[in-house]
There are 2 protein chains.
Amino acid sequence: MPSNPSKPTDSELEILSFLWQHGPSTVRQVHDFLAKTKEAGYTTTLKLMQIMQEKGLLSRTEEGRSHIYTAQVSEEETQQSLLGRFVETAFRGSAAQLVMQALGTHQTSAEELDEIRQLLDNLENNR
Amino acid sequence: MPSNPSKPTDSELEILSFLWQHGPSTVRQVHDFLAKTKEAGYTTTLKLMQIMQEKGLLSRTEEGRSHIYTAQVSEEETQQSLLGRFVETAFRGSAAQLVMQALGTHQTSAEELDEIRQLLDNLENNR
DNA sequence: TTGTATCTACGAATTTTTTCGTACACCTTT
DNA sequence: AAAGGTGTACGAAAAAATTCGTAGATACAA
């Protein structure tokens, strides 16, 4: 586990996000997906992924003519790290404040709310 | 209310955060505070705040020789905007997922937990 | 009045992130 | 074999964010 889950940039996060969802992929696959919502050339995505590989965020193996990239940082680990930073900078360290706002304005299903409630119970019991 | 709560950068957020907490302040006050945790020259902070003023993030009034800066975007509004973006990019749009992680790993007092529980109740009732 | 401190203004250098053009290799089809 | 499509490599431009040096104004103390 890397001691420093170096903060990915927004662009890098988009790529990681795709890889977390779809597993090891080629640049083409990643790019075609990103291109749906984003204006960017193929070589831009390629370069980005190459750089991420140099940084250790991705690894790759050759597969015929192309390369297959794999995320080298886990989704949870990265979320955790980003979340910590975010709570700190945007919510002055108050996780509760963030939770309140998130619940207040974002769609959440009844099941999810129950899950959260259960988590709250656990937290209070283990106090 | 600005229709575009233009995303502040991390540095800008640090400054906004201070102003939200302490109210209208001079560059000196902001800088002295930031300097405790950050390595940066006075003119760097000054320039940053001048740019933020040009962008409309801050306003200022002259007060003798120095200027007093005031945040022109509210804390809630900004948090909301950043949160939305963050949920999207880091948590694939799942606010519940973010909430779970936040509660799981960040310190939260019993009072805060109760507050959250109450919010949950409200949400379920108004469904 | 001569320094010293403290302010703003502002151009510009630096650093980081993002983007892309071009070269070249390899396959497949004509 | 030539042409067209699809890859990677890589330098470098462009854009964005951050940093700082220097100049000039003003107050205040020695």
Side-chain angles (χ1 to χ4, degrees), chain A residues 4-19 24-70 73 78 82 85-86 89-90, chain B residues 4-19 24-70 73 78 82 85-86 89-90:
Chain A
N4 172 21
S6 65
K7 181 190 176 199
T9 66
D10 282 355
S11 296
E12 290 175 337
L13 194 53
E14 286 178 345
I15 291 172
L16 284 174
S17 190
F18 178 89
L19 293 177
S25 313
T26 63
V27 174
R28 173 61 55 191
Q29 292 171 316
V30 172
H31 176 69
D32 284 355
F33 179 80
L34 294 186
K36 289 187 210 160
T37 46
K38 213 191 170 192
E39 186 73 22
Y42 174 82
T43 54
T44 300
T45 306
L46 170 66
K47 180 70 168 191
L48 216 28
M49 291 176 73
Q50 285 172 343
I51 289 172
M52 289 171 75
Q53 191 251 325
E54 280 165 23
K55 287 188 193 173
L57 252 33
L58 307 182
S59 69
R60 72 181 184 190
T61 60
E62 307 211 359
E63 184 78 18
R65 259 173 351 106
S66 70
H67 290 161
I68 300 210
Y69 288 82
T70 307
V73 290
T78 305
L82 290 174
R85 206 184 301 260
F86 187 65
T89 61
Chain B
N4 171 21
S6 64
K7 181 190 176 199
T9 65
D10 282 355
S11 295
E12 290 175 338
L13 194 53
E14 287 178 344
I15 291 173
L16 284 174
S17 189
F18 178 89
L19 292 177
S25 313
T26 62
V27 175
R28 172 62 55 192
Q29 292 170 316
V30 173
H31 175 70
D32 284 356
F33 179 79
L34 294 187
K36 288 187 210 158
T37 47
K38 212 189 170 194
E39 186 71 22
Y42 174 82
T43 54
T44 298
T45 304
L46 170 66
K47 180 71 169 190
L48 216 29
M49 291 176 73
Q50 286 172 344
I51 290 172
M52 290 171 76
Q53 192 251 325
E54 281 164 22
K55 288 188 192 171
L57 252 34
L58 307 182
S59 69
R60 71 181 185 191
T61 61
E62 306 211 359
E63 183 78 18
R65 266 180 333 115
S66 70
H67 290 163
I68 299 210
Y69 287 82
T70 307
V73 290
T78 305
L82 290 175
R85 206 183 302 258
F86 187 65
T89 61

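Predicted model only: the values in this text are computed from it and were never measured. Chain identifiers are assigned alphabetically (A, B, ...) following the order of the sequence lines, protein sequences preceding nucleic acid strands; residue numbering begins at 1 within each chain.
The separation between B:E63 atom CD and C:dT8 atom P is 12 Å, rounded to whole Å. Whole-Å rounding puts the A:E54 CD to D:dC10 C1' distance at 10 Å. Atom NE2 in A:H67 sits about 15 Å away from atom P in C:dA25, given to the nearest Å. Going from atom CE of B:M49 over to atom P of C:dT8 covers 9 Å, rounded to whole Å. The CD1-C1' distance, from A:I68 to D:dT6, rounds to 15 Å in whole Å. Here the P atom of nucleotide D:dT8 and the CE atom of A:M52 are 15 Å apart, to the nearest Å. Straight-line distance from the CG atom of B:L46 to the P atom of C:dA9: 7 Å, rounded to whole Å.
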Pairs under 3.5 angstrom, nitrogen or oxygen only, protein versus nucleotides 16-22 of chain D, please.
{"unit_1": "D:dT18", "atom_1": "OP1", "unit_2": "B:S11", "atom_2": "OG", "d": "3.0"}
{"unit_1": "D:dT18", "atom_1": "OP2", "unit_2": "B:T9", "atom_2": "OG1", "d": "2.8"}
{"unit_1": "D:dC20", "atom_1": "OP2", "unit_2": "B:G41", "atom_2": "N", "d": "3.0"}
{"unit_1": "D:dC20", "atom_1": "OP2", "unit_2": "B:T44", "atom_2": "OG1", "d": "3.4"}

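Residues B:T26 and B:E63 have side chains not in contact (no heavy-atom distance under 4.5 Å, counting atoms from C-beta outward). Using a 4.5 Å heavy-atom threshold, the side chains of A:S17 and B:T89 count as separate. Using a 4.5 Å heavy-atom cutoff, the side chains of A:S11 and A:K38 are in contact. The side-chain heavy atoms of A:K7 and B:D10, taken from C-beta on, include a pair separated by under 4.5 Å. For the pair A:K47/A:Q50, a side-chain contact is recorded, criterion being any heavy-atom separation below 4.5 Å from C-beta on. A:L57 places none of its side-chain heavy atoms less than 4.5 Å from the side chain of A:I15.
Between A:Y42 and C:dT19, a side-chain N or O to OP1/OP2 separation shorter than 4.0 Å is absent. Proximity of A:R65 to the phosphate of C:dC24: no side-chain N or O atom is located under 4.0 Å from OP1 or OP2. Within the structure, a side-chain polar atom (N or O) of B:R60 is placed less than 4.0 Å from OP1 or OP2 of C:dA9. Applying the 4.0 Å criterion to OP1 and OP2 of D:dA9, one finds that A:Q50 has a side-chain N or O inside that range.
Ring orientation note: the planes of B:Y42 and B:H31 are nearly perpendicular, at an angle over 60° on the 30°/60° scale.
Listed by residue number, there are no residues of residues 24-35 of chain A with a heavy-atom contact under 4.0 Å to DNA chain C.
Residues A:F18 and A:V30 share a closest heavy-atom pair of CD2-CG2, 3.6 Å. Of all the heavy atoms in A:L58 and A:M49, the pair that sits closest is CD1-O, 3.9 Å.
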